[in-house]
Amino acid sequence: MSGQVEANRAGDGRRRGGITLRGVSKTYGAGEAAVQALADVDLDIRPGELVAVLGASGSGKTTLLNVIGGIETADSGSIMVAGQDISGRDPAGLGEFRRDHVGFVFQFFNLIPTLTARENVEVIVELTGRGDRRQVPKLLAAVDLADRADHFPAQLSGGQQQRVSIARALATDPDLLLADEPTGALDVATGQGVLDLLQQTSRAGRGVVMVTHNEVAAGIADRVIRMRDGRVTANEVNANPVAATSIRW
Ligand code: ADP
Ligand code: MG
């Protein structure tokens with residue numbers, strides 16, 4: 001019992017897939033041109049929650065995601081993600097953290113154009129030494145791309161490319177999946193398929209944080225965080241998340 005209390009006090013970021021931020025700030029530029037992208041952000045996300053981060057353009061959503069995922073460093077504050085204290089880590093330490101714990105889904109996919117869908121996923125398994133190359137066909141089948149495995153990105157639609165990028169992000173079996181406007185470049189039907197994959201990933205026990213400016217898409221989340229001018233202005237549990245397959249926008 002006291003062990004449990006102790007664990008809760010230590011924060012959700014101590015546990016696999018959980019996130020705890022305390023007083024996290026980040027400013028870009030200096031002097032007159034300084035922009036505070038994150039202003040004293042506190043955040044607690046439980047392991048396995050599907051989180052939507054909403055906010056206007058420029059409110060700090062991408063910066064928040066990148067700081068959580070160790071792509072960017074904060075100027076101050078403490079960041080505990082998936083049991084790892086990443087505040088103050090050097091670039092090599094952050095690289096290790098990303099390799100071992102995080103999968104990223106980018107708005108514009110970031111696939112390697114000279115590699116097929118299958119190779120785009122396999123290369124991550126090889127580079128990270130995590131996951132299993134033999135599972136790649138299964139992963140591509142899970143994102144409904146079994147019959148496109150040997151196609152190059154230019155031969156795939158936007159939705160198909162985004163699904164390759166999700167398979168790639170999942171190939172290392174990350175504790176945490178971070179997705180920056182994953183449906184931003186997609187039409188409604190393909191966007192819905194991508195949201196369904198994120199929801200399935202979360203239900204399989206991984207933490208998922210999705211940045212979006214789509215209120216409807218946020219309806220699938222277990223927790224909705226709103227940002228404005230680098231601050232978290234709301235952080236609410238959604239008691240009734242809707243199925244991704246049932247939403248329209
Ligand atoms: P969002 O994802 O919500 O659109 P961002 O996190 O990208 O917001 O940006 C937050 C603020 O920080 C914005 O004012 C943006 O212009 C600024 N910003 C983001 N990245 C940089 C950068 N690399 N250099 C300078 N300013 C930046
Ligand atoms: Mg952004």
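These figures come from a predicted structure and were not determined experimentally. Order of appearance sets the numbers: ligands from 1, and atoms from 1 within every ligand.
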Determine whether any protein heavy atom is located less than 4.0 Å from atom 22 (C) of ligand 1. yes
Could you measure the distance from the CG atom of Leu65 to the CG atom of Asp180? Nearest 0.5 Å is fine. 5.5 Å
Within the structure provided, determine whether Val81 and His101 are in side-chain contact (heavy-atom separation under 4.5 Å). no
Working for side-chain contact (heavy atoms from CB on, under 4.5 Å), residues Asp100 and Arg130: CA-CA 7 Å; Asp100 293 342; Arg130 288 174 56 84; 3.8 Å; yes
Assess the residue pair Ser202 and Gln199 against the criterion (side-chain hydrogen bond (donor to acceptor under 3.5 Å, both in side chains)); give the C-alpha distance rounded to whole Å, side-chain angles, the decisive distance to 0.1 Å, and a yes or no. CA-CA 5 Å; Ser202 157; Gln199 201 165 40; over 6 Å; no
Using a cut-off of 2.8 Å, find all protein N, O or S atoms closer to the Mg ion (ligand 2) than that distance. Thr62 OG1
Taking atom 7 (O) of ligand 1 as the reference point, the nearest protein heavy atom with its distance: Thr62 CB, 3.7 Å
How long is the straight-line distance from CZ of Phe152 back to CD of Gln161, given to the nearest 0.5 Å? 13.0 Å
Can you name the atoms of ligand 1, numbered from 1 with element, that are less than 4.0 Å from a heavy atom of Ala56? 3 (O)
Atoms in ligand 1 flagged as close to Thr63, the criterion being non-hydrogen separation under 4.0 Å: 5 (P), 6 (O), 9 (O)
Under 4.0 Å and counting heavy atoms only, is there anything from the protein next to atom 16 (O) of ligand 1? no
May I ask you to decide if Ile112's main-chain N or O and Asn120's side chain share a donor-acceptor pair within less than 3.5 Å? yes
Is any N or O atom of Gly60, backbone or side chain, closer than 3.5 Å to an N or O atom of ligand 1? yes
Please state whether Gly55 comes within less than 4.0 angstrom of ligand 1, counting heavy atoms only. no
Do Asp196 and Gln192 have side-chain atoms, one donor and one acceptor, less than 3.5 Å apart? no
Test item, Ser59 contacting ligand 1 (heavy atom, 4.0 angstrom): yes
Does even one non-hydrogen atom of Gly230 get within less than 4.0 Å of ligand 1? no
Linking I/L/V/M/F/W/Y whenever any side-chain heavy atoms sit under 4.5 Å apart, do Leu195 and Leu145 land together? yes
For atom 27 (C) of ligand 1, closest protein heavy-atom neighbour: Tyr28 CD1, 3.2 Å
Donor-acceptor contact present, side-chain Arg223 to main-chain Arg46, <3.5 Å: no
Do me a favour and list the nearest non-hydrogen protein atom to atom 1 (P) of ligand 1 with residue, atom name and distance? Gly58 N, 3.5 Å
Measure across Phe104 and Ala169 and return the closest heavy-atom pair with its distance rounded to 0.1 Å. O-CB, 3.5 Å
Part of Val35 with heavy atoms under 4.0 Å of ligand 1, whether side chain, backbone, both or neither: side chain
Side-chain heavy atoms of Val121 within contact of Val164, under 4.5 Å: yes
